[in-house]
Structures are given as C-alpha cells and as structure tokens.
Amino acid sequence: MSETESRDFIRQIIQDDLESGKHDQIVTRFPPEPNGYLHIGHVMSICLNFGVTNETAGRTYLRLDDTNPGKESKEYVDAIERDVRWLGFDWEDRLTHASDYFEKIYAAAVSLVEMGSAYVDSLSADEIREYRGTLTSAGRNSPHRDRSVEENLHLLARMRAGEFPDGELVLRAKIDMGSPNMNLRDPALYRIRHIAHQRTGDDWSIYPMYDFAHTLSDAFEGITHSLCTLEFEDHRPLYDWFLDQLKPAHRPRQIEFSRLNLAYAITSKRKLNALVEEGIVEGWNDPRMPTIAGMRRRGYPAAALREFVKRGGVTKKDKLIEMGVLENCVRDILGENAERRMAVLKPLKVVLTNYPEGKVEMMEAANHPGRPELGTREVPFSRELWIEQEDFMEDAPRKFFRLKPGGEVRLRFGYIIQCDEIIKNDAGEVIELRCSYDPDTRSGTGTSDRKVKGTIHWVSREHALAAKVRLYDRLFNVANPNSADDFHAALNADSLQSVDAKLEPSLAALESGTPVQFERLGYFCADSEENSADAHVFNRIVTLRDSWAKQEELAMKDQGQV
RNA sequence: UGGGGAGUAGCCAAGCGGUAAGGCAUCGGGUUUUGAUCCCGUGUACCGCAGGUUCGAAUCCUGCCUCCCCAGCCA
C-alpha cells in the first residue's frame with residue numbers, strides 16, 4: 001500500500017519542483033486573518049501547508065493576515081496560535097504578520113505609482129462600484145486614471161500622512177477596466193482607515209488590501225507554493241500581475257484547492273460569529289462548534305482531526321463530507337487509546353435481595369480490553385446498584401438480550417443477576433428492580449462457566465459519583481447549513497441535553513480533557529471549563545457504534561410503514 | 001448571456017490511451033463478560049450527456065448539460 005500510495009495534485013507539483021531543481025526547499029504559509037476562531041475547514045489548510053513541508057524538510061510560516069484593523073484582535077491571534085500548536089504543528093521562529101511588512105508594501109505601492117501602474121482615485125466607493133461595470137459589461141476608466149506620476153506620488157504620501165478622511169481617496173492598480181475578470185478592473189491597493197491597528201497602533205492611516213499585501217508577503221517570505229482555496233482562483237492573474245510588475249527576488253506560485261465542508265456544520269466565520277454573538281452557543285469553544293477550540297473542548301483528539309483531513313484528500317472538487325467520517329476518526333483514535341470506565345447516564349435502581357447488606361467487594365476491571373499493559377482498577381460492588389434504564393425492558397422483544405422480568409444478565413466485571421421483581425411508582429413507571437445474584441459467577445474466578453447473552457454496566461449506589469453529563473448532537477438539522485439563506489431555520493433545538501449521571505468513583509480523579517470510554521455508551525471527558533472537584537461536569541465526545549440501536553431504528557421504520 | 005473552476009458507487013478518492021485501486025458508510029458472517037473493538041466476506045460505478053478519433057477511451061477531440069466562485073475601499 002505504502003509504495004503505491006498516490007500523491008494529491010499539490011504534492012505532485014511539489015515533488016516535481018524538487019526533482020527538477022526548481023526549488024531546493026519548499027516554503028509554505030498558513031495565513032489566517034485574526035478575525036475569528038479557526039474551524040474544521042482551516043484544519044485542512046493547516047495540515048496541507050505544514051504537512052507538505054514536514055514531508056520534504058521545508059519550512060512553513062504562520063502568518064497573521066492583519067490588514068483590516070477593526071475586525072481583527074489579539075484574542076483571535078492568541079487563539080490561532082494555540083489551536084495550530086494543539087493540532088500538532090510547529091512554526092518555530094516563523095510567526096509573522098502582514099503588518100510586519102507594511103513599510104515594504106508601501107514602498108512597493110510607490111514603485112507601482114512610479115512606473116505608472118497605479119494611481120490615486122478620488123471616486124467614492126459608490127462611484128467606483130458604478131464604474132466597475134457588471135459581470136457581462138465592461139467597466140469605464142475613472143476620470144482620475146491619468147493623473148501624473150508626480151500628483152499620484154504626492155497624493156499617496158498625503159494619504160499616508162493622514163491628511164484625508166476615510167474613503168476620500170483610494171490607491172488603485174492600473175490594469176484593465178474592460179477585463180472579463182473583475183479582479184483586474186483596477187483593483188484597490190490601499191484604502192484610508194483612521195483606526196488603530198492591534199500591532200502598529202496609530203502608525204498608519206492607510207492599510208493595504210488583501211491581494212496586494214498577500215502577494216507581497218508571500219514574495220518577501222520566499223514562499224514557493226502559496227496554497228489557497230478555490231475562491232481565489234480568479235485572483236491568481238492579479239497575484240501574477242503584481243509579481244510581473246514588481247519582479248521580487250522570489251516568485252511564489254499560487255495553487256488552489258477546494259475547501260472542506262462538513263455536513264450538518266457551518267464553516268463561515270461570519271455565521272459562527274453570529275452563533276456566538278446571539279448566544280445560541282456558549283462561545284467559540286462551545287463543544288458543539290466546529291471550531292478547533294470547540295472540538296478540543298469536546299474531547300476530539302488532534303490526531304483524529306489530522307486523520308479526518310487525510311481521509312478527505314486534496315482536490316479541486318467541491319466536497320461535503322459526512323459527519324460520520326469525522327466521528328469514525330474520533331472513535332478509531334479513542335478506541336485505541338482511551339481507558340475504559342463505567343458510568344450510568346440514566347439510572348435505574350437495582351437491589352440484590354440475596355446480597356449481604358453492608359458488604360462491599362472490590363471488583364477488578366481491565367482499563368482496556370485490548371491492551372493489558374494499561375492495567376486494571378478496582379470498582380466497588382454492593383447490594384444496591386444503578387444500571388441504565390435502557391438496559392431493562394418489561395416487554396422485551398425476542399432479540400433483546402439485556403435485563404427483562406425473569407431474565408438473566410451479566411454485570412460487567414461482576415456477577416450474573418436475575419430480575420425477580422419490578423417496582424413501579426403511581427405513574428406506572430419502573431423505579432426499582434429486585435434481583436438476585438449468583439455468588440458462583442464472580443468475574444474472573446473461574447468457578448462457573450455459565451454463559452448469558454448480555455452484559456450490562458453498573459455503578460454501586462453507595463459509592464457513585466454524581467455528575468452532570470452533557471450529551472451533544474449536531475447543531476443543524478440540514479446537511480448543508482452553509483448554503484441556507486438563514487441558518488437559524490436549520491438549527492437543531494436539541495443539540496444539547498444534560499443528564500444527572502452516576503459514575504464509578506475512580507472518575508473523580510480524572511483530569512479535565514482526558515478522554516475515557518464509558519463502557520457501552522461512548523467516549524467522554526471532564527469539561528475543561530466547568531468541571532470541578534465538587535461539581536463534576538462531563539462532555540460526551542461521541543457515542544460508540546451501536547448496531548442494536550440501528551436495528552431498533554429499522555424495526556420502528558418497518559412498523560411505521562406496515 | 002462575461003470570466004474562472006468542477007463533474008468516477010451514498011460520502012470521499014485513485015486513475016495520466018490498454019480494458020475501473022482504496023477508505024468511510026451499507027449489508028452478511030465469525031470472535032467477544034462493551035450489541036464496542038477485532039476478523040472475514042459484500043458494490044452490474046450507463047466513469048455528467050451525446051458524438052468523434054483509435055485495434056482499444058474514464059483517459060484524446062467536438063458539442064452540450066449540471067453545480068460552485070467572481071461585480072467589498074473584506075479576506
């Protein structure tokens with residue numbers, strides 16, 4: 001498999017450039033704008049940019065594209081650094097900002113003016129829009145397009161000096177107002193913004209636009225392959241135009257790939273921000289958010305995110321990947337590494353009528369069924385237990401092999417018990433089970449070779465640790481909320497459910513963020529923000545695969561159809 | 001109607017003129033003190049459509065269809 005493993009088209013290009021000697025070393029960059037938190041879509045870009053240089057002994061810059069003060073902040077910068085690092089990538093000393101190059105970018109603008117390739121325009125924003133034309137009709141030249149170089153230079157200097165109010169003037173590239181590519185219709189290079197920048201303070205009253213700043217930053221850093229998403233494909237002619245005009249020492253090549261869309265999730269910073277602002281979620285790191293911070297808090301391992309991206313691949317085709325693929329990556333990583341514990345989410349009381357009152361036995365439980373080196377722990381067992389409500393059914397179908405009246409079931413790491421009596425409340429709900437245990441069936445004693453079909457988990461009532469457990473579901477009910485006009489209509493009202501659960505006592509010492517499997521239920525971790533020694537709060541990371549639930553679902557569907 | 005991209009099984013994705021890899025899902029079966037894991041097995045893909053070139057086309061040519069992106073002094 002490994003020697004036949006095929007490379008995606010970008011790695012192919014990189015390989016070719018290395019072999020042909022075009023480049024000795026690959027240099028890439030991950031250039032987020034610090035105006036929001038990184039999300040699952042960025043994970044792909046991060047893994048690609050750092051991945052190709054990890055594979056070829058190259059270098060990658062983490063560059064904050066901070067050319068629009070007012071929308072950007074230090075909070076986001078810090079979050080970005082934290083998230084990239086957590087994902088497992090290291091930029092070493094290559095943390096840069098577009099703002100590091102403001103002086104050089106300005107010099108480049110002056111050069112363009114000097115060579116007659118840029119001019120200062122006095123048209124208003126509305127007028128510029130009007131002059132730009134439409135998709136199907138050419139634009140018109142601005143009446144200020146032919147100002148002299150001297151006048152342009154003078155005006156630009158005064159713009160920089162802060163002599164004009166916001167919007168009064170704008171520096172534009174002089175390209176072609178008739179181009180079918182809108183990006184070439186004299187795009188803006190600099191706009192006036194009297195606003196403090198989070199890094200440069202009040203040094204500047206003009207700020208460069210994305211296309212200009214980004215191309216130059218790439219060139220200054222010696223980026224060899226500037227990897228970005230498809231929507232920038234028709235910016236490439238502009239990117240190349242800047243390089244042709246200014247002829248920097250290094251000429252980066254822009255290559256575009258399709259972005260990764262996750263089904264039932266939103267990956268638009270604007271919409272994610274709205275979820276936060278409107279209080280629909282608790283914050284950027286709400287465990288339901290597809291942000292790196294959210295997924296980390298939820299308990300998704302970084303390795304699962306990397307694996308997810310790997311399974312997706314790099315192409316130019318629009319993709320909408322099923323949530324199940326991500327969840328399976330999480331299950332795969334956690335199934336291998338997470339220790340097992342027992343917990344009851346929706347407790348039902350069980351009394352073992354023939355078990356001595358006051359007696360407590362310590363049962364030995366394996367921490368991982370497939371990895372004995374992870375050791376064992378002791379779990380207290382006593383007369384009164386909690387079991388899962390769903391593990392008992394009064395009128396059980398034939399294939400239900402958990403507890404039912406008169407039936408037997410094995411308690412995981414414990415004894416085989418039989419259900420003798422059901423106790424209900426006035427409403428007719430089962431509130432307690434009276435059972436008897438078979439003393440000869442203690443786990444691991446080998447005194448009995450009796451087999452029962454089912455095994456269920458339990459927690460000793462007396463020793464149980466109370467905890468709030470949050471059960472999360474997808475935030476949206478439609479597969480592609482990205483394309484919905486109003487995502488509010490697509491919101492899943494039941495994306496968060498909180499239950500009062502009973503945990504085995506060893507869980508009291510579990511460190512926040514460390515994932516464990518609650519046997520038969522799923523993977524969980526203590527919440528990094530709200531869990532405390534006297535108020536335990538856990539998050540469900542993902543459920544286990546559940547073929548029984550699937551069968552039931554099918555049965556329900558069949559019944560409904562008949 | 002202008003320009004730029006993309007179309008291979010439910011979701012991803014190899015393939016680069018020689019007769020359709022792989023992963024995930026699905027569906028069977030085996031193991032199992034987690035109905036988990038693990039292990040086996042499981043797909044008639046009209047390769048968007050229609051023509052053409054060729055002994056031979058998913059791969060080359062022509063025409064068409066569908067979807068995505070572009071008219072911020074956002075990135």
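As the structure is a prediction and not an experimental result, all values here were calculated from the model. Lettering follows sequence order; numbering is per chain, from 1.
- Note: A:I40 CD1 to A:T291 OG1 = 10.0 Å, rounded to the nearest 0.5 Å.
- For the atom pair OG1 (A:T455) and CZ (A:R520), the distance works out to 8.0 Å, reported to the nearest 0.5 Å.
- If you check every strand for non-hydrogen atoms under 4.0 Å, A:T315 touches sugar and phosphate atoms only.
- Across all strands, A:F401 comes closer than 4.0 Å to base atoms (heavy-atom distances).
- The separation of B:G4 from B:A71, taken at their C1' atoms, amounts to 14 Å, rounded to a whole angstrom.
- The gap from the C1' atom of B:A14 to that of B:U59 amounts to 13 Å, rounded to the nearest Å.
- Look at B:G7: its glycosidic torsion is beyond 90° from 0, and that puts it in the anti range.
- Of the candidate nucleotides B:G4, B:U34, B:C24, B:G4 has the atom nearest to the side chain of A:E233.
- Between A:I128 atom CD1 and B:C74 atom C1' there is a gap of 15 Å when expressed in whole angstrom units.
- Aromatic rings of A:F232 and A:Y210 (six-membered ring for Trp) have centroids within the 6.0 Å cut-off, being under it.
- No donor-acceptor contact under 3.5 Å links the side chain of A:R520 to the base of B:U34.
- Residue-to-nucleotide contacts include a donor-acceptor pair under 3.5 Å from the side chain of A:R402 to the base of B:G35.
- Within 4.0 Å of A:G324, counting heavy atoms only, lies no atom of the nucleic acid at all.
- Between the P atoms of B:A25 and B:C12, the separation comes to 15 Å (whole Å).
- Across B:C74, B:U33, B:C69, the shortest atom-to-atom separation from the side chain of A:T455 is found for B:U33.
- Nucleotides B:C46 and B:C40 are separated by 29 Å at their P atoms, to the nearest Å.
- For the P atom pair drawn from B:A21 and B:G63, the interatomic distance equals 32 Å after rounding to whole Å.
- Here the side chain of A:F400 is nearest to one of B:G3, B:A13, B:G35, namely B:G35.
- Across all strands shown, A:R340 has heavy atoms under 4.0 Å from base atoms, whether or not it also approaches the sugar-phosphate.
- Contact annotation for A:F232: base contact, defined as any heavy-atom pair under 4.0 Å involving a base atom.
- Using a 4.0 Å heavy-atom criterion, one finds that A:R410 contacts the bases of the nucleic acid, with or without backbone contacts as well.
- Comparing the C1' positions of B:G56 and B:C60 gives a spacing of 13 Å, expressed to the nearest Å.
- Between the CG atom of A:D8 and the P atom of B:C16 there is a distance of 16 Å, given to the nearest Å.
- Of all nucleotides present, only B:A50 satisfies the Watson-Crick or G-U wobble test against B:U62, with each distance under 3.5 Å.
- A:R11 has its CZ atom 11 Å from the P atom of B:A14, to the nearest Å.
- Residue A:K317 has no polar side-chain atom (N or O) positioned under 4.0 Å from OP1 or OP2 of B:C68.
- Taking only side-chain nitrogens and oxygens, A:R132 comes nearer than 4.0 Å to OP1 or OP2 of B:G72.
- Of the residues near RNA chain B, A:A125 and A:S547, the one whose nearest nucleotide (by heavy atom distance) lies more toward the 5' end is A:S547.
- There is no side-chain donor-acceptor pair under 3.5 Å between A:R270 and A:N273.
- Using a 4.0 Å heavy-atom criterion, one finds that A:S137 contacts no nucleic acid atom at all.
- A:F538 and A:F524 have their aromatic ring centers separated by at least 6.0 angstrom.
- Within the nucleic acid shown, A:P369 comes within 4.0 Å of at least one base atom, counting heavy atoms only.
- When each of B:U33, B:A71, B:C74 is scored by its nearest atom to the side-chain atoms of A:L135, the top-ranked nucleotide is B:A71.
- Evaluation of atom-type donor-acceptor distances gives no pair under 3.5 Å for the side chain of A:E256 against the base of B:G5.
- Side-chain proximity of A:D234 to the nucleotides B:A14, B:A75, B:G4 is greatest for B:G4.
- Rounded to whole Å, the P atom of B:A45 lies 10 Å from the corresponding atom of B:A9.
- Listed candidates were B:C27, B:U33, B:A13. Nearest to the side chain of A:K550 is B:C27.
- Pair assignment for B:G35: none, as no Watson-Crick or G-U wobble contacts are both less than 3.5 Å.
- Atom CE of A:M393 is separated from atom P of B:G35 by 16 Å (rounded to the nearest Å).
- Counting to the nearest Å, the P atom of B:C67 and the CG atom of A:N482 are 18 Å from each other.
- A:E33 comes within 4.0 angstrom of the backbone, heavy atoms only, and of no base.
- For NZ of A:K346, the number of neighbouring non-hydrogen atoms (other residues, nucleotides, ligands) closer than 6.0 Å is 12 at most.
- Here A:M342 lies out of heavy-atom contact (under 4.0 Å) with every strand.
- Under the 3.5 Å distance criterion, the side-chain polar atoms of A:R340 are left unmatched by any main-chain donor or acceptor of A:E519.
- Rounded to an integer number of Å, the gap from CZ of A:R7 to P of B:A21 is 22 Å.
- Among the heavy atoms of the strands, none lies under 4.0 Å from A:F9.
- Among the heavy atoms of the strands lying under 4.0 Å from A:I321 are primed sugar atoms or P, OP1, OP2 only; no base atom is included.
- Rounded to whole Å, the C1' atom of B:C67 lies 22 Å from the corresponding atom of B:U62.
- Using a 4.0 Å heavy-atom distance criterion, A:H457 is classed as making no nucleic acid contact.
- A distance of 12.0 Å separates CD1 in A:I206 from CG in A:D166, rounded to the nearest 0.5 Å.
- When rounded to the nearest whole Å, the span between CZ of A:R545 and P of B:C39 equals 11 Å.
- Contact check, A:R193 against B:C74: a side-chain N or O comes under 4.0 Å of OP1 or OP2.
- With hydrogens and angles ignored, no donor-acceptor pair closer than 3.5 Å exists between the side chain of A:D546 and the base of B:G35.
- For A:L544, taking side-chain heavy atoms from C-beta onward, the closest of the listed nucleotides B:A25, B:C74, B:U34 is B:U34.
- At a threshold of 4.0 angstrom between heavy atoms, the contacts of A:L189 with the nucleic acid are absent.
- A:W548 qualifies as a stacking partner of the B:G35 base, centre to centre under 5.5 Å and near-parallel within 30°.
- Nucleotide B:U34 holds its P atom 13 Å from the CG atom of A:D391, rounded to whole Å.
- In this structure, a donor-acceptor pair under 3.5 Å is absent between the side chains of A:Q198 and A:Y76.
- Taking both residues in full, the closest heavy atoms of A:A161 and A:S205 are given as C-OG, 4.2 Å, listed atom of the first, atom of the second, then distance.
- Looking at which nucleotide of RNA chain B each of A:Q517 and A:K319 is closest to, the 5′-most match is held by A:K319.
- For A:E336 and B:U37, a side-chain-to-base donor-acceptor distance below 3.5 Å is absent, hydrogens and geometry of angles not being considered.
- Applying the Watson-Crick and G-U wobble criteria (two distances, each under 3.5 Å), B:C67 pairs with B:G5.
- Ranking B:A75, B:G2, B:C74 by closeness to the A:K71 side chain, first place goes to B:C74.
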